[in-house]
Amino acid sequence: MMEFERVLFRAKQGDEKVIEQRLEMFRPMLIRNALIRGVFEEDLYQELAIETLKCIQCFKQLE
């Protein structure tokens, strides 16, 4: 299993440290996507972070 998959699996299992690390890893992308006409939208950022967490929960390991 690739290391990235292993880390996502740990996040899916509820490892809070790993979850925080994944959110931090994706933070630049989330911030970029939370900009509307150059203005940072906190509510949009929070929604994107929630969607990221949902995606982690939906992650399926490759066999």
Side-chain angles (χ1 to χ4, degrees):
M1 176 184 342
M2 293 181 357
E3 182 62 25
F4 187 72
E5 289 179 5
R6 189 171 299 129
V7 170
L8 284 181
F9 181 74
R10 285 180 52 203
K12 184 176 179 176
Q13 297 301 312
D15 186 323
E16 290 184 25
K17 183 177 179 181
V18 173
I19 292 168
E20 288 176 29
Q21 289 172 343
R22 292 312 94 193
L23 283 176
E24 188 61 32
M25 181 180 97
F26 292 120
R27 183 177 166 80
M29 179 186 64
L30 297 173
I31 290 172
R32 233 182 358 264
N33 285 286
L35 294 174
I36 305 291
R37 288 181 231 127
V39 177
F40 179 72
E41 296 290 335
E42 180 68 32
D43 289 341
L44 179 55
Y45 175 82
Q46 290 177 9
E47 289 297 322
L48 291 168
I50 289 168
E51 289 302 314
T52 300
L53 293 172
K54 287 179 184 177
C55 288
I56 289 171
Q57 289 304 309
C58 292
F59 173 73
K60 292 185 186 343
Q61 274 183 269
L62 298 176
E63 309 267 333

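Only this structure's heavy atoms are used, side chains among them; waters, hydrogens and symmetry mates stay out.
Of the listed residues (Val18, Ile19, Ile56), just one forms a side-chain contact (heavy atoms from CB on, under 4.5 Å) with Arg10, and that residue is Val18. For the side-chain contact (heavy atoms from CB on, under 4.5 Å) with Met25, the qualifying choice from Met29, Gln21, Arg27, Arg22 is Arg22, the only one to do so.
Atoms CG and CD, from Asp15 and Glu20 in turn, are 9.5 Å apart once rounded to the nearest 0.5 Å. Between the NZ atom in Lys12 and the CG atom in Leu8 there is a gap of 10.0 Å [rounded to 0.5 Å]. Rounding to the nearest 0.5 Å places CG of Leu23 at 10.5 Å from CD1 of Ile50. With rounding to the nearest 0.5 angstrom, the CG atom of Leu48 is 11.0 Å from the CG atom of Asp43.
Hydrophobic clustering of Ile, Leu, Val, Met, Phe, Trp and Tyr side chains at less than 4.5 Å, counting indirect connections, keeps Leu35 apart from Val39.
Between Leu44 and Asn33, the shortest heavy-atom contact is CD2-O, 3.5 Å.
Using a 30° and 60° split on the angle between ring planes, Phe26 and Phe4 fall in the perpendicular class, above 60°.
The pair Arg6-Glu3 counts as a salt bridge, with a side-chain nitrogen and a carboxylate oxygen less than 4.0 angstrom apart.
Surrounding CD of Gln13 are more than 12 heavy atoms belonging to other residues, nucleotides or ligands, all under 6.0 Å away.
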